[in-house]
Every structure is written in structure tokens, then in C-alpha cells.
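Heads up, the thing below is written out as C-alpha cells.
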Protein chains: 4
Amino acid sequence: MKNLTNRQLQALETKNKLIDAALLVFAKKGYSATTTKDIAREAGVTDGLIYHYFKSKEDLLWAVIDKHTLNHELSKIAADAGTNEPVETILIRMIHSLFDLLHEKAGLIVMFFGESQRNAAVRERLAQLIQQGTQIFYQLLSERMDAQELYLKIAIRNLLTSLVMYFLTDDRYNNDVNQRKEYIKTTVHQFLKMFN
Amino acid sequence: MKNLTNRQLQALETKNKLIDAALLVFAKKGYSATTTKDIAREAGVTDGLIYHYFKSKEDLLWAVIDKHTLNHELSKIAADAGTNEPVETILIRMIHSLFDLLHEKAGLIVMFFGESQRNAAVRERLAQLIQQGTQIFYQLLSERMDAQELYLKIAIRNLLTSLVMYFLTDDRYNNDVNQRKEYIKTTVHQFLKMFN
Amino acid sequence: MKNLTNRQLQALETKNKLIDAALLVFAKKGYSATTTKDIAREAGVTDGLIYHYFKSKEDLLWAVIDKHTLNHELSKIAADAGTNEPVETILIRMIHSLFDLLHEKAGLIVMFFGESQRNAAVRERLAQLIQQGTQIFYQLLSERMDAQELYLKIAIRNLLTSLVMYFLTDDRYNNDVNQRKEYIKTTVHQFLKMFN
Amino acid sequence: MKNLTNRQLQALETKNKLIDAALLVFAKKGYSATTTKDIAREAGVTDGLIYHYFKSKEDLLWAVIDKHTLNHELSKIAADAGTNEPVETILIRMIHSLFDLLHEKAGLIVMFFGESQRNAAVRERLAQLIQQGTQIFYQLLSERMDAQELYLKIAIRNLLTSLVMYFLTDDRYNNDVNQRKEYIKTTVHQFLKMFN
DNA sequence: CATGAATGAGACTTCATTCAT
DNA sequence: GATGAATGAAGTCTCATTCAT
């Protein structure tokens with residue numbers, strides 16, 4: 001797009017390095033408990049540099065959140081759904097993709113949960129994310145299942161939150177692929193029985 | 001049981017005041033972001049007194065956790081279940097009781113979620129709580145529904161985590177009783193359809 | 001002497017217990033680094049009781065110092081000197097007694113040295129002690145040796161300070177009786193050669 | 001040796017300023033009784049800066065000790081001894097140099113004594129210093145006096161500790177040059193008589 | 001006489017932030 | 001753009017001291 005000088009490129013790279021480092025440490029220790037020094041060290045830069053790119057520690061938190069909207073990734077999961085397969089197959093594949101996404105973005109997810117209780121703006125984003133995920137699944141399922149909108153949305157919402165909770169409390173600690181597979185299979189089966 | 005002098009009683013009261021204050025502030029701001037001064041002010045005592053009763057801020061966190069195990073409360077919900085009614089009625093009443101408990105212990109719940117990501121020991125407790133809740137519902141439902149143990153437990157676990165997530169992200173902010181009622185009714189309905 | 005009631009007796013005992021405990025802990029950790037709690041615990045009483053007997057921590061320090069003047073003990077060493085023996089024998093016996101005293105009052109000695117640098121009044125007491133020791137040895141030796149007063153006093157003073165330093169830096173850590181014996185014998189021998 | 005930028009030089013200077021300030025205040029008040037604020041004020045910097053250079057107050061104590069080993073200074077005193085003069089002249093000159101050193105390093109000496117009773121590692125250093133001083137004097141005197149090694153070493157050790165004690169308890173408070181001169185002259189005279 | 005709960009000042013230390021280089 | 005020395009406010013914790021019981 002733009003033609004950036006070497007210096008501008010390096011600046012951009014450093015900024016991204018800082019955002020990524022911040023996400024990592026925020027997720028591990030929580031926003032309050034991480035120090036700017038932690039972030040600088042994780043990013044491999046010196047303390048002061050953070051303030052060259054961000055107004056404050058809080059500003060950096062927002063940069064982290066802004067960089068990782070998950071919008072794109074969630075849409076992509078839906079797009080990969082395929083069309084002519086049975087709903088169960090589609091759902092299972094989507095949920096596996098969702099777990100992959102959760103694992104890839106574990107830091108982000110964890111941070112969202114950890115910070116959402118004490119930071120209203122973060123909470124908004126979390127609610128928005130759930131809403132968005134519900135919508136994506138809804139669009140896909142509404143034409144395939146015969147159910148009222150609210151009924152379907154509640155079911156989807158409960159499905160998604162169950163999945164995220166399972167990820168947060170089990171799956172990310174015991175990375176047992178078979179157990180996850182079994183869990184997903186059963187959960188999808190139970191989900192579909194709601195619409196018989 | 002024990003014969004406490006007035007002074008010992010008052011000391012116990014102060015200690016409890018500190019634990020309650022700590023829970024309140026931890027829940028609001030998170031462990032790291034709350035200062036011992038916050039806690040002391042909330043409890044209406046001076047800063048130093050915390051350290052007369054607790055070795056450290058962390059020690060106080062543990063006292064908070066130890067005081068609020070929810071063991072008793074969860075069991076009580078199950079005991080109130082009644083026997084000769086239809087499962088749906090029982091479940092709905094139990095879940096309403098659960099929401100009451102969640103509201104009453106909101107601070108605790110929030111703290112558990114907020115701290116669990118960065119404190120392994122707290123995470124253990126949370127996992128334990130989920131496990132315990134699942135068990136209580138399982139005992140009640142296993143004799144009423146015809147399903148495999150694992151199948152039933154996964155369903156219950158997903159149900160409970162959905163409920164807690166709903167509480168955390170919606171219910172506690174918009175205290176709309178009707179919306180909650182509707183949500184519970186639908187959710188229970190969907191849950192039961194899994195066993196048709 | 002006086003007829004004390006049981007309660008007064010107990011009070012006296014407690015007060016002494018506190019003074020002894022204080023000396024012990026002051027010697028081990030130094031005045032500044034010991035807490036009143038340390039002292040109370042060492043004495044086996046509760047925190048507040050110190051202030052029933054002493055105005056302040058500093059006041060307790062003075063009580064410690066006042067209780068242990070060493071006046072009496074030093075005089076006794078001189079009195080035990082014997083009369084018709086050779087000077088060397090007398091000196092060696094006195095110095096052995098001095099070492100016994102140093103060991104017995106190690107805590108006090110150590111405290112005097114530790115505190116004297118930062119507390120002028122303690123320093124006075126220390127200078128006084130050295131002066132007193134010198135005088136006691138002087139009285140004994142002046143009639144037995146042919147030397148000028150100043151010459152003799154300097155010799156004695158150097159002898160005594162050497163002995164105390166030996167005690168502080170060696171003897172109290174390696175309680176090797178033979179090594180001490182050898183050291184005293186040689187030191188006395190060298191001391192007496194000054195007067196040939 | 002190293003090429004330091006201005007900034008690095010200034011940093012080094014600040015660090016040294018802190019170490020010197022610490023020595024000064026530790027000597028005056030003792031380690032426990034001096035506050036980090038005292039040190040910062042003495043060094044003319046703000047409180048927090050101490051922790052940019054040192055991990056803790058204790059760490060600063062060690063930096064103080066490490067910076068002032070006295071190794072070099074003690075050796076220099078021996079080197080200045082001269083060769084063809086009578087022992088008495090040499091000794092007197094050395095001891096005057098030693099007193100100059102003691103005065104110059106009074107803070108350090110005082111701190112060593114004050115802290116050595118409650119800090120084993122400091123005590124080690126003190127013992128080492130005495131040992132080292134003894135050795136330096138021994139090398140010089142062993143070829144000039146006819147005496148057994150142990151006999152000579154005990155004499156030297158007692159001489160040195162006497163001198164230090166004289167410095168600590170008298171000389172540094174009444175800075176009377178004549179009195180010191182007289183004391184040294186007599187003490188050296190007495191020392192040499194041990195080898196007649 | 002004895003207890004130990006309570007206070008409040010102040011200790012050590014951390015940390016977000018600034019700024020000269 | 002990058003460094004890291006420096007600041008100062010604030011945090012956790014300690015401790016001499018008081019006082020109601």
C-alpha cells in the first residue's frame with residue numbers, strides 16, 4: 001500500500017513487537033500485575049521505548065485489544081463451513097476450528113476474561129464477541145434448522161459459552177486431543193437433539 | 001462450642017470484617033489492583049491491622065477463599081429439590097436457586113474467574129467448584145433420566161457453565177427478572193430435549 | 001531486705017525476665033534490629049507487658065545496661081589474685097577469670113561494642129569499663145613492677161583491649177580451651193617482658 | 001581500559017555516590033538504623049534510585065564492603081616502610097600511616113565492628129582484615145627480629161588490635177596529635193621490648 | 001498484673017512515567 | 001528511533017506504642 005522507509009518499517013515492527021509482548025504478559029499475569037518492565041523485557045526493548053509508541057500502559061492495553069478483534073477469524077470459520085454436508089459434520093468442523101482459534105488466541109481470550117470484570121470497556125468487547133460468534137453460527141444454522149430465532153440463539157449462545165468455558169478450564173491445560181474430540185462430538189450431538 | 005470472651009469475639013468479628021471487605025474489593029478491582037489500604041478502609045480499620053490477622057495480602061486472599069467454599073450452599077440447593085415433581089419443575093427451581101446464590105456470592109464468583117487465570121491454586125478451586133456442582137446435579141438427575149454417565153455429565157457441565165457465563169456477562173448487569181426467567185425456561189427445555 | 005508480697009515478687013521476676021531477654025536479643029541482632037515483639041517472645045510474655053515495666057524500648061536498653069555494670073565482677077577478679085605468688089601466675093589466673101567473665105557476659109560485651117558506635121552514652125560506659133579494668137589491674141601490678149604510671153597504664157590498657165578483641169573475634173567462636181591457654185600464656189609472657 | 005560514554009560515566013558516578021553515602025550513614029547509625037531515605041538524601045538523589053543500582057538495602061551494604069577492601073591500602077603502608085632504618089623508626093612510621101588510614105576509613109572500620117557481631121559474613125571480613133594486617137606486619141618484621149613465628153604473630157596481632165581499639169575508643173573522639181604520638185611511641189617501645 | 005487488639009508513622013520496595021543523551 | 005538514568009507517588013509490610021478489657 002504505502003511506501004514506508006526502512007525506519008518507518010522498523011518502527012512498525014517494534015510497535016507490533018510491543019503489542020504482542022503486552023498481550024502475552026497481560027494474559028499471564030493480568031493487566032494490573034504486569035509491569036511495563038515486564039513488557040519491555042518480553043519485547044526485547046528498553047523500558048522507555050514503550051512511551052515512544054504509547055501514551056501509557058492503558059493505551060497499550062487498548063492497542064492490544066484493537067489489534068485482535070477476532071472479527072476476521074470468526075468469519076473465516078463460518079466461510080469454511082461447506083454446504084452440502086450434514087449439519088453435524090459442519091458443526092463439528094466449525095467447532096474444531098473454533099478450538100484451534102481459541103488455542104492460537106489463548107492469551108487474548110484469557111485477558112478478555114480476566115480484565116472484563118474490572119474494566120467495563122473490556123467487558124463490552126467480550127459481550128460483543130459472544131454476540132458476534134452467536135450471529136455467525138446463527139446465520140449458518142438458521143437456514144438448516146427449523147426453530148424460532150430466540151430459541152436457536154439461546155441454544156447457540158449456550159453452546160459457545162460452554163465451549164469457551166471448557167477451553168478455559170480444561171482443554172488448555174490438558175491438551176488431550178482425543179478427549180477434546182469426544183467432548184465436541186457429544187456436545188454437538190446433544191446440541192442437535194434440541195431441535196428434534 | 002467454644003467459650004469465647006467478649007474480646008475474642010470482637011477479634012473474630014474484626015477478622016471476618018476484613019475478609020468480607022477483601023472479597024468485596026478483590027471482586028471489584030481484582031486482586032492485584034486492590035491495595036491493602038482499600039481493604040482496610042472498606043473494613044473501617046487502620047492499615048496495619050490487616051497484618052495482625054493475616055501474614056500478607058495473599059494470605060488474606062486465601063482466607064477469603066477458604067471462608068467461601070460454597071460447598072454448603074450447593075448442597076442445600078440440591079436438598080431443596082423436592083421429589084415427586086416433574087424433572088423440569090425441579091430443574092427450573094434449582095437453577096433459580098443457583099442464580100440467587102450466584103447473585104449473593106457474585107463477588108466471590110467474579111474473583112474466582114478473574115484470578116483463576118493467573119493463579120494456579122485459585123484455578124484448582126474453580127475446577128473443583130464446577131466438578132462439585134456437576135456432581136450435585138448428577139446425583140439428582142441420574143435416577144430420573146435414562147442416559148449414560150459421561151453423556152449426562154457433559155450435558156450438566158455444559159449447562160452449568162452456560163448458566164454461570166450468562167450470569168457473568170448478562171444477568172448481573174441487566175437485572176431483568178423476566179428475561180432471566182425466559183432464559184432459564186428455554187435453557188432447561190433444551191437441556192431436557194437432549195434426553196428424548 | 002524488704003518484705004515483698006507475692007505479687008511484687010512476681011513483678012520483679014517478670015521485669016528481670018524482660019531485661020535478660022532484652023540483653024540476649026540485643027546482643028544477637030543489635031538494638032535497632034530487635035523488635036519489642038522479639039523481646040516479649042524471648043521473655044515468654046505478651047507484647048504490651050514491656051510497657052508496663054518500661055517507658056520505651058530505649059528505656060529497656062538502659063535497664064539492661066544498669067543491671068550489668070560488671071563493677072562487682074571485675075573487683076572480684078582482682079580480689080582473687082592471691083598475694084605471695086609470682087606476678088606471672090597471678091596475671092594468668094586473672095586473665096583466665098576475665099575470659100570466664102567475658103564468656104558469661106558475652107551478650108553484654110557484644111552489645112556494648114555494637115551499640116557504642118551509634119550511641120554516645122553507651123560509648124561512655126564502654127570507655128568507663130576499659131578505664132575501670134585498667135585501674136583494677138594497675139592497682140595490683142603497680143606495687144609489683146617497677147614502671148612509670150603512664151607506661152604501665154598504657155601497657156595494661158593494650159593488654160586488656162587485646163584480650164577483649166581476641167575474645168570477640170576468635171575465642172567466642174572457636175571455644176578451644178588449649179588455644180586460649182596458649183594465647184594467654186604467650187601474651188602474659190610478652191606483657192611481662194615489657195618491664196625487664 | 002573501557003571506553004565509557006558520558007552517560008555511563010555519570011551512572012557509575014551516581015552508583016559510587018550511593019555507595020559512599022551508604023558507608024557514611026551506616027557508620028554513623030548502624031545498618032539497621034539507617035533508612036534508605038537517609039542514604040538517598042545523603043547522596044542527593046531520590047529514594048527510588050537506590051533500587052535502580054542495587055537489589056536491596058542489603059545488596060548496597062555488600063557493595064560498600066566490596067568497594068572498600070583495604071587490601072591495597074594496607075600493602076601500601078608496608079611498601080612505604082623503608083629498609084635501612086632501625087625497626088623502631090619503621091614501626092612508628094607504619095603505625096602513624098595506619099592511624100591515618102583508620103581516620104580516612106573510619107566509617108568503614110566502625111561499620112565493620114558494629115555489624116560484625118550480628119552478621120556472620122561481615123565478621124568473616126573483619127577476621128580476614130586482622131589476619132591480613134598481621135601478615136603484612138609479619139613479613140616486614142620476621143626478617144628483622146629473632147622470634148618464633150607464632151610468638152611474633154601473637155605479638156603483632158595484639159599490637160594491631162590494641163591500636164584499633166585505641167582508635168575506636170579514644171583517638172577518633174579526642175583528635176589530640178600529641179597524645180597519639182606519645183601513645184604510639186610508648187606502645188612501639190613496649191612492643192620491641194618483647195623481643196629482647 | 002497481664003493481654004493482645006488496634007493505631008499510625010514510617011520502613012523497604014516497586015513502578016509508571018519522563019527526559020537528557 | 002532508542003536508551004536507561006532519574007523521579008516520586010504509592011504499595012506492602014513492620015513496629016513501637018497505647019489502651020480497653
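The structure presented is a predicted model; accordingly, all values stated were derived computationally and were not measured. Within every chain, numbering begins at 1; the chains are lettered A, B, ... in the order of the sequence lines, protein sequences first and strands thereafter.
Atom CD1 in B:Ile39 sits about 15 Å away from atom C1' in F:dA10, given to the nearest Å. Rounded to whole Å, the distance from CD1 on D:Ile50 to P on F:dA9 is 16 Å. Taking atom CG on D:Leu49 and atom P on E:dC19, their separation rounds to 17 Å, with Å as the unit. Residue C:Arg41 contributes atom CZ, which lies 12 Å from atom P of F:dT14 at whole-angstrom precision. Rounded to a whole Å, the OH atom of A:Tyr53 is 17 Å from the C1' atom of E:dT18. Regarding D:Arg7, its CZ atom lies at a distance of 14 Å from the P atom of E:dC19, rounded to whole Å. In this structure, CG of C:Asp59 is placed 10 Å from P of F:dT17, rounded to the nearest angstrom. In this structure, CZ of C:Phe54 is placed 13 Å from P of F:dT17, rounded to the nearest angstrom.
Electrostatic pairing of C:Lys67 and C:Asp20 counts as a salt bridge here, judged by a charged N lying under 4.0 Å from a carboxylate O. We find that D:Arg41 and D:Asp47 are not joined by a salt bridge, their nearest charged nitrogen and carboxylate oxygen being 4.0 Å or further apart.
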Pair assignment for DNA chain E - dot-bracket with | for other-strand partners, Watson-Crick or G-U under 3.5 Å
.||||||||||||||||||||
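Across every non-hydrogen atom of D:Ala21 and D:Ile39, the tightest pair is CB-O, 3.8 Å. Heavy atoms only, all atoms of each residue included: B:Arg118 and A:Glu115 are closest at NH2-OE1, 4.4 Å. Summarising the geometry of B:Val64 relative to B:Ala22, their closest heavy-atom pair is CG2-CB, 3.8 Å, with the distance given to 0.1 Å. Shortest non-hydrogen contact noted between D:Leu18 and D:Ala43 is CD2-CB, 3.8 Å.
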Distances under 3.5 Å only, N/O to N/O: pair up the protein atoms with those of nucleotides 11-13 of chain E.
residue: E:dC12; atom: OP1; partner: D:Thr34; partner atom: O; Å: 3.3
residue: E:dC12; atom: OP1; partner: D:Lys57; partner atom: NZ; Å: 2.9
residue: E:dC12; atom: OP2; partner: D:Thr36; partner atom: N; Å: 2.6
residue: E:dC12; atom: OP2; partner: D:Thr36; partner atom: OG1; Å: 3.0
residue: E:dT13; atom: OP2; partner: D:Tyr51; partner atom: OH; Å: 2.4
residue: E:dT13; atom: OP2; partner: D:Lys57; partner atom: N; Å: 2.9
residue: E:dT13; atom: O5'; partner: D:Tyr51; partner atom: OH; Å: 3.4

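The phosphate of E:dC1 has OP1 or OP2 within less than 4.0 Å of a side-chain N or O from C:His52. At least one side-chain nitrogen or oxygen of C:Gln10 sits closer than 4.0 Å to the OP1 or OP2 atom of E:dA2.
Pairs passing the salt bridge (charged side-chain N to carboxylate O under 4.0 Å, His left out) check and including a residue from residues 51-60 of chain B, sequence neighbours excluded, do not occur.
In this view, D:Leu61 and D:Phe26, D:Tyr31, D:Ile65, D:Met111, D:Asn119 satisfy the side chain to side chain contact (heavy atoms under 4.5 Å, CB included) rule, not counting sequence neighbours.
C:Lys28 places none of its side-chain heavy atoms less than 4.5 Å from the side chain of C:Asp38. Within the 4.5 Å cutoff, the side chain of A:Ile19 has no heavy atoms near those of the A:Tyr53 side chain.
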Could you list the donor-acceptor pairs under 3.5 angstrom formed by side chains in residues 121-129 of chain A, with sequence neighbours left out?
residue: A:Arg123; atom: NE; partner: B:Tyr173; partner atom: OH; Å: 3.2
residue: A:Arg123; atom: NH1; partner: A:Ser116; partner atom: O; Å: 3.0
residue: A:Arg123; atom: NH1; partner: B:Tyr173; partner atom: OH; Å: 3.1
residue: A:Arg125; atom: NH2; partner: A:Asp66; partner atom: OD1; Å: 3.2

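If you check residues 12-23 of chain B against DNA chain E, the residues with a heavy atom closer than 4.0 Å are B:Thr14, listed by number.
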